[in-house]
Novice: 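One structure, as C-alpha cells, below. Some questions next.
Per chain, numbering begins at 1; letters A, B, ... match sequence-line order.
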Amino acid sequence: MEYNFREIEEKWQKYWADNQTFKAENKSDKPKFYVLDMFPYPSGAGLHVGHPLGYIASDIYARYKRHKGFNVLHPQGYDSFGLPAEQYAIQTGQHPAVTTEANIKTYRKQLDKIGFSFDWSREVRTSDPNYYKWTQWIFIQLFESYYCKDADQARDISELINVFEAEGNGRINAVCDDEVEIFTAEDWKSYSEEEQQNILLKYRLTFLSETEVNWCPQLGTVLANDEIVNGVSERGGHLVVRKKMMQWSMRITAYAQRLLDGLDKIDWPQPLKDSQTYWIGRSEGAMVSFNIDGFENKIDVFTTRPDTIYGVSFMTLAPEHELVSKITTAAQKEAVETYVKATAKRSELERMADVKTISGVFTGAYALHPFTGKKIPIWIGDYVLAGYGTGAVMAVPCGDERDYAFAKHFGLEIPNIFEGVDISEEACSTKEGVKIANSDFLNGLTYKKAMKTIIHEIEKRGFGFGKINYRLRDAVFSRQRYWGEPFPVYYKNGLPQMIDKQYLPIVLPEVEKYLPTEDGKPPLGNATIWSWDTSKNKVVSNDLVDNITVFPLELNTMPGWAGSSQYFNRYMDSQNDEEMFSKEAINYWQDVDLYIGGSEHATGHLLYSRFWQKFMFDKGFVPTDEYAKKLINQGMITGTSAFVYRVEGENKFVSKGLKEDYKVQQIHSDVSFVNTSDELDVEAFKNWREEYKDAEFILEDGKYIVGREVEKMSKSKYNVVNPDNICEEYGADSLRLFEMFLGPLEQSKPWKTSGISGVYSFLKKLWKLYVVNGEFSVSDATPTKDEFKTLHKTIKKVEEDIANFSFNTSVSTFMIAVNELTALKCNKREILEPLAIIIEPYAPHIAEELWSKLGYSTSVSTADFPIFDSKYLVESSKVYPVSFNGKMRFTIELSLDLSKDEIEAAVIAHEKTQEQLQGRIPKKVIVVPGKIVNIVG
RNA sequence: GCCUCGAUGGCGGAAUUGGUAGACGCGCUGGAUUCAAAAUCCAGUUCUGGCAACGGAGUGUGGGUUCGAUUCCCACUCGAGGUACCA
C-alpha cells in the first residue's frame, strides 16, 4: 500500500472527465460563484511552470467554494490568435491554424495532467470562427454607436442621424474627432452619401484614422515596441521608423471618466488601479490657440497651467507636428528636416525615458502671445510627443522643469512670473502658496484663483476654453498581420461598410504567404478570395470586384486584445449559436467573482475589457458595467535568461567576456541551449532559427559563454521550465503543492525545481496516516484532545489562508498537521476524514483516493467543508516571553487567569529576573496579558 | 525618466492588529537501517566567541517614533515589472 501517484492521478482525472464532475449548470438553487483565470496563449513552447501558478490558486479557490456550497463556474480556454504562430508560419510555411491546433492539444494535455477542476464543456478559442463571430459582432455594434455626453452612454448611431436630419449637429454633445465642423439640417441633407458617412465616422465608437506605427521597411511590416531593440528590429537588426497609417481605432477616450470612476467600485489591487489611473491620466486645464506670425494656421496647446501663460517665452512642437513643414523658414529647413528624421528613428519610450539629453531645433517661425501679442519663437523638440495632447506645448520655463532645461540649453528667455521666487537655479513647479506676478490681471492671485480667472478670460476673448484632458489615447485596433480576427468590413468608394451580422462569421481567408505583399499591403492582401459580394452576401474571388456589387474586403486584422475583451461573458453560454450569451445565462452568472491573472495586463487587456464591458452595459447586453468584482495578480515566476551578443549590423556573435570589444546587441537565447556553466551549445543555437544558420561565433577559451539575468519566465524570453517532467516524476499533487509553497501568490519568485521533494515526502507521510501495517485502515475510536486540537487549528488556519489568498502558509499548516498527527500516531476516522476534505482543494487526487478508500462512492469535491470549533483550541496557560529592554531573555509559563499585577509579581519573583537585573530596580514593567512581559531598566 | 512592487540564514520563505525573528520546506552535517545504494527514521543547522554553561550581533543602508520595530515614519541603495503593436 504505497502512495502510487501515477495510478491515483490517472484514475481520478479519468473519473472527473467521465463523470463531468465540474460541469457547471446555468441554473441552481445554490449561490453562484464565478472563478476566472486569464486564459493562456498556446505557444509552441508549451505551458511553463509560471502559467499554472495562478491556475492552481484559482482552482484551490474554486474547489474550496464548492465545499462551501456554491455553484461554481470555473472555465478555461485559449487566446489563440497571436504573433508567435504567425512568425512560425512565416518561417516554416505551416498554417497558423495547424500549429495553433497542435499547440492547444499540448496545452490541454498539460493542463489535464495538473488536475484542474475546469468545466471544459465551455471552452472557448479566440481563433475559432464560432467564437470570433461574436468579436466581429461587437465590432459592428461599436461601429453603429456613438457616445452621447448628455446621457453619458453609448447610443445607436441612428439616433444621431435623426438629429442631423432634424437640426444638424449644432447642439449635439457627443464624443467625436476634433475637427468636426458645424452643419445644419439643410447642409446634412445636401451632403452626398459619401460626405455623410465621412462625418458619421468622426462620431462612431470605432472609426478610421491616421495613426503612427513602427514601420520596418526591410521586413515590410509594422513592429510592436517589444520587437524593437535599440531602435532596430530584434529579428535581423533592421531600421525602424515611425510612419503614419490609416487604421481602425476604438474611441476608448469616450469612456475615460467612467473607466476612472469605476475603479472605486471594484476590489482590484491598488497598484493595478494606480497604473490604470495614470494611464487614463486625467488633467484639468485649458486649450489655448496661438496665432502664428504670417500664417493663417493656429497652434492649439493643452496646458494644465494656463495661469502661467504670461511666462510663455517659446513654444515647442513635436517633430511630427503637421505644421512643422509649413512654418519652417528656408534658413532653418535643413536643420529641421535632419532633426525630424533623427526623431523618427527613436521610439516613444526612448524619448520619454531620456530626460538628460536636451535636443531641439528652431523652426524660424514665431507665434503671437494671445495676451501680450509678443512674438515667441517656435521650436521643435522630441520631448514633446505627437500623440499626447495636441503635440504642442506652450513653454513656461520658469514653471516647468523640462521647459526650464530646454530654455537654459538653448539660451532662451526665462521670464519670472512668480512673486518673490528665485528661479536662477531651477524652475518653480509648486502650485500652492505661490503668487503670480508680471501677469497683468493675474498679478497677486494664487493658483486656484488664477486658474479660474484665466480660463474665464481665455473663453471671453475667444482663443480657448477650459478643458479636462486625458492622457489616454484612442486605441489602435488594426494590425497588419495575418493571424487575427478579420474585420467584417468591405470598402465602397473607399468608405468602410459593415457586413450584416446574419452573415457572420467572416472567416479568415487562405493565403499563400503570411508576409506583407510586395507593394506593402498587409498579409491579407495575398488572399485571392477576399472580396464581398453584396448580392450573394458571401466572400468571393477578387477577380469579381466591380465596385458595384462586389467590393474589396478589409486587409487588416484585429489586435490581440480583441478576442480577450469579452471572453468572460462568452463562457457563461459558450455554445450558443444564436446569441453571444442568453439573457438567462448572463442574468444568472452576472459577473466574475474572482479573476486571477498577471499584473502585466494592467493597462492592456484589463483596461480594454472594462471599456467593452461598459459599452455592452450601455447597449443593455450585460447587467453590470464592471465585469470582475475582485482581481488578484499572481506574481511572476522568474527564470534565469541567457543572452548572446550580436555584433551590430553583422550575423556574428561574441562570447560574453569579449563583448566590450565590439558594438553589440544583447539577444535572448533559449536556456535549453545553455548548460550549468553558462556555456552555449552553438550548434543547437544555429539550428534554432533560419537567420542564425550561418552565424559566426567568436569564442573565448574555445567556448561561447552567455550572459545571464533574472527575468520573468516567459516564452518570449526563452527561459521557461516545463511542468511535464515534474508531473511525471512527482505527480500533479506535488506540483500543485509546490507551486503554492514557493511563496506568496502575489509576489514574484524564482523557480528552483529541487525543493519539490519536500512536498512529495509530505504527501507520502499523509498517505501513511491512513495505512496500518501496509493495509488501508482507520479506527473509529474517539480522538484525543490533542488530535482534535491539531485538526481544528488546521481548519481555522486554512480557511483564513484561503480568504487571504495566502496559499503558501496553508501548505506549511498541512505539513505541521501531518507531522503532529504522525507523532500522535493518530489513525482516527473522525480526524482523517475531515483532513482529506481540507486538503482536497490543494491536492485533489490523493484526497479523492483516500476518500474512496474511506468508503465513499461520491467525489470528495462534493463533501461539505468541516466546521471549525473553537472549543478545541482553548488554552489555560501561556508560555510568556520575558524581555529586558525589548530583548527576550527567558520564558515562563503562567496561567491565563492571572491579572496583570499577578503576572508582574510572578515574573519579578523569578530567579532569572533577578539575575538579569543584577540588583537594579526596574523603571517600568510592561505586561500585556496573553502576549509578553517587558522589563525596562 | 515616470509609475508600481520587492529586499529576512547557504536557498524558497514564516512571523494575521507594533509583542519570543528565522515556523514549514530545500540544502548541508552527523547518526540509525543496508553488503551497498535508494527510500525511510533520529539529531543538529542565522552569524559570531566559547569544550560547555553562557554571551555578543542580527530582518538591504542611514536616521526617527516607541517600554518594544521585519512590521509605523523620513531619506537612500539595489533588484524586478509596466511604460500604449509580446500575450
Novice: If you look at every strand shown and take non-hydrogen atoms under 4.0 Å, does A/Q480 touch a base, only sugar-phosphate, or nothing?
Specialist: base
Novice: Base, sugar-phosphate or nothing for A/M38? Non-hydrogen atoms, less than 4.0 Å.
Specialist: nothing
Novice: Applying a 4.0 Å non-hydrogen cut-off, can you work out what A/L472 is touching in the nucleic acid: base, sugar-phosphate, or nothing?
Specialist: base
Novice: Taking any heavy-atom pair under 4.0 Å as a contact, classify A/K923: base, sugar-phosphate, or nothing.
Specialist: nothing
Novice: Would you indicate what A/H605 reaches in the nucleic acid, counting non-hydrogen atoms under 4.0 angstrom: base, sugar-phosphate, or nothing?
Specialist: nothing
Novice: Under 4.0 angstrom, heavy atoms only, what part of the nucleic acid is A/F741 near: base, sugar-phosphate, or nothing?
Specialist: base
Novice: Report the nucleotide, chosen from B/rG82, B/rC86, B/rA80, that has the shortest atom-to-atom distance to any side-chain atom of A/L83.
Specialist: B/rC86
Novice: Taking atom C1' in both B/rA23 and B/rU70, what distance in whole Å separates the two?
Specialist: 15 Å
Novice: So which nucleotide from B/rU40, B/rC85, B/rG13 ends up closest to the side chain of A/R479?
Specialist: B/rC85
Novice: Is there any protein nitrogen or oxygen under 3.5 Å from a nitrogen or oxygen in nucleotides 54-56 of chain B, and what are the pairs?
Specialist:
unit_1: B/rG56; atom_1: OP2; unit_2: A/R889; atom_2: NH1; d: 3.0

Novice: In terms of the nearest nucleotide of RNA chain B, which residue is placed more toward the 5' end: A/V476 or A/N819?
Specialist: A/N819
Novice: Under the 3.5 Å rule, do the base of B/rC85 and the side chain of A/Q247 count as making a donor-acceptor pair?
Specialist: yes
Novice: Contact class for A/W279 (heavy atom, under 4.0 Å): base, sugar-phosphate, or nothing?
Specialist: base
Novice: Holding to side-chain contact (heavy atoms from CB on, under 4.5 Å), I want the full list of residues that pass it with A/P271, two or more places apart in sequence or in another chain.
Specialist: A/P269
Novice: Should B/rG9 be called syn or anti, with syn set as within 90° of 0?
Specialist: syn
Novice: For the rings on A/F81 and A/Y132, is their centre-to-centre separation under 6.0 Å?
Specialist: yes
Novice: Given B/rA84, B/rC85, B/rG12, identify the nucleotide with an atom nearest to the side chain of A/R471.
Specialist: B/rA84
Novice: Salt bridge check: are A/E904 and A/K900 linked by an N-O gap of less than 4.0 Å?
Specialist: no
Novice: Check whether any side-chain nitrogen or oxygen of A/K764 sits under 4.0 Å from OP1 or OP2 of B/rU40, and answer yes or no.
Specialist: yes
Novice: Parallel, tilted or perpendicular: which one describes the rings of A/W561 and A/F477, with boundaries at 30° and 60°?
Specialist: perpendicular
Novice: How do A/S599 and A/T813 order along RNA chain B: which one's closest nucleotide is nearer the 5' end?
Specialist: A/T813
Novice: Tell me, for nucleotides 14-20 of chain B in 5' to 3' order, what letter each nucleotide earns: B for a base near a protein heavy atom under 4.0 Å, S for only sugar-phosphate near one, - for neither?
Specialist: S-B--BB
